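A quick write-up on the structure given underneath.
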Amino acid sequence: MTIASYGPSTLPGSRAATLRDAFANGRLVRVAGAHDGLSARLAEEAGFDSVWASGLEISAAHGLPDVSLLGMAEYLSAAVAMQRSVSVPVVADCDTGFGGVLNAAHTMMRYEEAGVAGVCIEDKIFPKRNSFVNSGQKLLEVDEFGRKLEAAKRAQVSSDTVLIARTEAFICGLGLQEALTRCHHYVDAGADAVLVHSKAVDSGEVVSFMKEWQHRAPVVVVPTTYADFSAAEAQEAGISMVIYANQGMRAAITAIRSTWATVLAEGSTAPVEPRIASVKDIFAISGMDQWLDLDR
């Protein structure tokens with residue numbers, strides 16, 4: 001394996017085209033959340049079709065809550081590290097577009113020039129709170145968010161880049177009709193796909209949306225709270241993309257906690273060595289041999 005074949009082997013533009021092709025041909029896109037190059041590469045290694053540059057994971061990796069404390073620079077830097085580390089498309093969680101209408105346009109410009117395949121902007125008021133916080137969830141007026149999408153679309157250079165409009169109508173308890181109204185308006189404003197977010201304990205909200213939506217544009221879901229909603233069920237419902245947005249980081253937290261607790265309790269790392277990755281494995285994941293070949 002050469003250094004050219006290790007890591008990104010497809011150009012950024014072709015990765016965006018890959019997403020569009022999957023949408024057009026009805027192939028379900030399965031996406032794993034990540035926050036850096038390593039977590040993105042592990043997602044690709046596992047076989048996921050795409051990587052989600054997760055706002056929650058990126059915030060948590062900085063030791064901060066997901067309440068708009070970080071700016072575009074930190075989120076973009078993390079997304080760039082992911083994009084450079086994998087060959088699959090990267091879809092970026094860009095919160096509210098980091099501000100107003102002009103900020104949304106600037107977001108599209110910066111992420112697109114970095115090679116990110118998809119940009120997702122949500123219809124909350126800036127600053128936003130993570131969707132699973134039980135208070136302070138407020139939405140922009142429909143027309144105002146439509147202006148953000150229109151500005152982002154006008155700033156877009158490549159016709160392949162995917163603009164995803166995320167509605168938090170269900171998160172705010174506003175019901176099916178509000179979610180439908182918003183998503184129809186967002187597609188009219190230029191969105192290529194819509195992300196319909198729900199924190200219900202089952203898939204009822206998103207399935208009811210799909211029954212009324214009539215496949216006007218691809219639909220993205222994030223089954224964090226309705227975890228038993230399978231990929232097969234999503235495809236049967238007509239959903240185009242499923243994002244497992246934070247399970248990787250949650251698994252890592254559990255494993256690290258358990259490992260360090262065992263080390264402190266046992267007085268050495270010997271008990272955990274058989275069940276953790278070797279240094280050799282880290283070298284392999286990071287392409288050590290391929291990089292050293294450049295120095296020969």
Side-chain angles (χ1 to χ4, degrees), residues 1-3 5-9 29-67 69-70 74-93 130-133 199 201 222-231 242-296:
M1 184 180 292
T2 66
I3 192 65
S5 63
Y6 196 92
S9 58
V29 180
R30 293 181 297 175
V31 187
H35 57 275
D36 59 13
L38 177 60
S39 55
R41 189 164 286 174
L42 288 170
E44 181 179 37
E45 181 184 82
F48 282 93
D49 305 305
S50 178
V51 169
W52 172 249
S54 165
L56 170 60
E57 287 204 12
I58 294 168
S59 295
H62 281 76
L64 292 170
D66 183 20
V67 289
L69 295 177
L70 296 177
E74 291 94 344
Y75 285 110
L76 178 59
S77 177
V80 167
M82 296 179 219
Q83 195 275 117
R84 289 173 175 167
S85 298
V86 297
S87 300
V88 296
V90 173
V91 179
D93 178 3
N130 183 275
S131 302
F132 301 112
V133 175
K199 58 181 179 182
V201 296
V222 187
T224 302
T225 55
Y226 49 104
D228 60 350
F229 188 54
S230 69
V242 176
I243 301 175
Y244 304 100
N246 49 57
Q247 285 81 359
M249 174 171 272
R250 288 158 55 196
I253 289 170
T254 299
I256 292 169
R257 278 178 171 158
S258 174
T259 296
W260 290 140
T262 300
V263 170
L264 289 178
E266 300 295 332
S268 78
T269 66
V272 303
E273 293 294 344
R275 62 176 188 264
I276 63 176
S278 66
V279 173
K280 184 177 179 180
D281 192 11
I282 296 174
F283 284 172
I285 294 168
S286 60
M288 176 68 80
D289 289 344
Q290 292 74 31
W291 280 98
L292 291 180
D293 281 343
L294 293 177
D295 196 32
R296 292 177 182 169

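None of the values given here were measured: they were computed from a predicted structure.
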task: Please list, chain by chain and in numerical order, all residues satisfying side-chain contact (heavy atoms from CB on, under 4.5 Å) with Leu69, sequence neighbours excluded.
output: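 Leu69 satisfies side-chain contact (heavy atoms from CB on, under 4.5 Å) with Leu64, Pro65, Val67 only.
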query: Quick one: side-chain contact (heavy atoms from CB on, under 4.5 Å) partners of Ala61, sequence neighbours excluded?
result: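 Only His35, Met249 meet the side-chain contact (heavy atoms from CB on, under 4.5 Å) criterion with Ala61.
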For residues 263-271, please give each side-chain donor-acceptor pair under 3.5 Å, one per line with the distance, not counting sequence neighbours.
unit_1 : atom_1 : unit_2 : atom_2 : d
Ser268 : OG     : Ala270 : N      : 3.2
Thr269 : OG1    : Glu273 : OE2    : 2.9

Looking at every non-hydrogen atom in both residues, tell me the closest pair between [X] and [Y] and how far apart they are.
X: Ala277; Y: Asp281; answer: CB-OD2, 3.7 Å
X: Ala79; Y: Val90; answer: O-CG1, 4.5 Å
X: Arg296; Y: Asp293; answer: NH1-OD1, 2.7 Å
X: Thr224; Y: Gln247; answer: CA-NE2, 4.2 Å
X: Ser85; Y: Gly37; answer: OG-CA, 3.3 Å
X: Ala34; Y: Val51; answer: CB-CG1, 3.7 Å

Any side-chain heavy atom of [X] sitting closer than 4.5 Å to one from [Y]?
X: Thr225; Y: Phe132; answer: yes
X: Val80; Y: Arg84; answer: yes
X: Asp93; Y: Trp52; answer: yes

- prompt: Taking only residues two or more places apart in sequence, or in another chain, which ones meet Asp36 in a side chain to side chain donor-acceptor pair (under 3.5 Å)?
  reply: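 Counting only residues at least two positions away or on another chain, Asp36 forms a side chain to side chain donor-acceptor pair (under 3.5 Å) with Ser39.
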Determine yes or no for a side-chain-to-main-chain donor-acceptor pair under 3.5 angstrom, with [X] supplying the side chain and [Y] the backbone.
X: Ser50; Y: Val31; answer: no
X: Thr262; Y: Ser258; answer: yes
X: Glu57; Y: Gly55; answer: no

query: Considering residues, nucleotides and ligands other than Arg257, do more than 12 of their heavy atoms fall under 6.0 Å from its CZ?
result: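 No, the 6.0 Å shell around CZ holds no more than 12 heavy atoms from other groups.
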Nearest-0.5 Å distance that lies between atom [atom1] in [X] and atom [atom2] in [Y]:
X: Leu56; Y: Asn130; atom1: CG; atom2: CG; value: 5.5 Å
X: Ile282; Y: Ile276; atom1: CD1; atom2: CD1; value: 8.5 Å
X: Ile243; Y: Ser54; atom1: CD1; atom2: OG; value: 9.0 Å
X: Ile285; Y: Leu38; atom1: CD1; atom2: CG; value: 6.0 Å

query: Under the ring pair (Phe, Tyr, Trp, His ring centres under 6.0 Å) test, which residues partner Tyr244, sequence neighbours left out?
result: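 Partners of Tyr244 under the ring pair (Phe, Tyr, Trp, His ring centres under 6.0 Å) test: none.
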query: Sequence neighbours excluded, which residues qualify as ring pair (Phe, Tyr, Trp, His ring centres under 6.0 Å) partners of Phe48?
result: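 Phe48 satisfies ring pair (Phe, Tyr, Trp, His ring centres under 6.0 Å) with no residue once adjacent residues are dropped.
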- request: Could you walk me through whether Ser87 and Glu44 pass side chain to side chain contact (heavy atoms under 4.5 Å, CB included), step by step?
  value: CA-CA 8 Å; Ser87 300; Glu44 181 179 37; 3.2 Å; yes
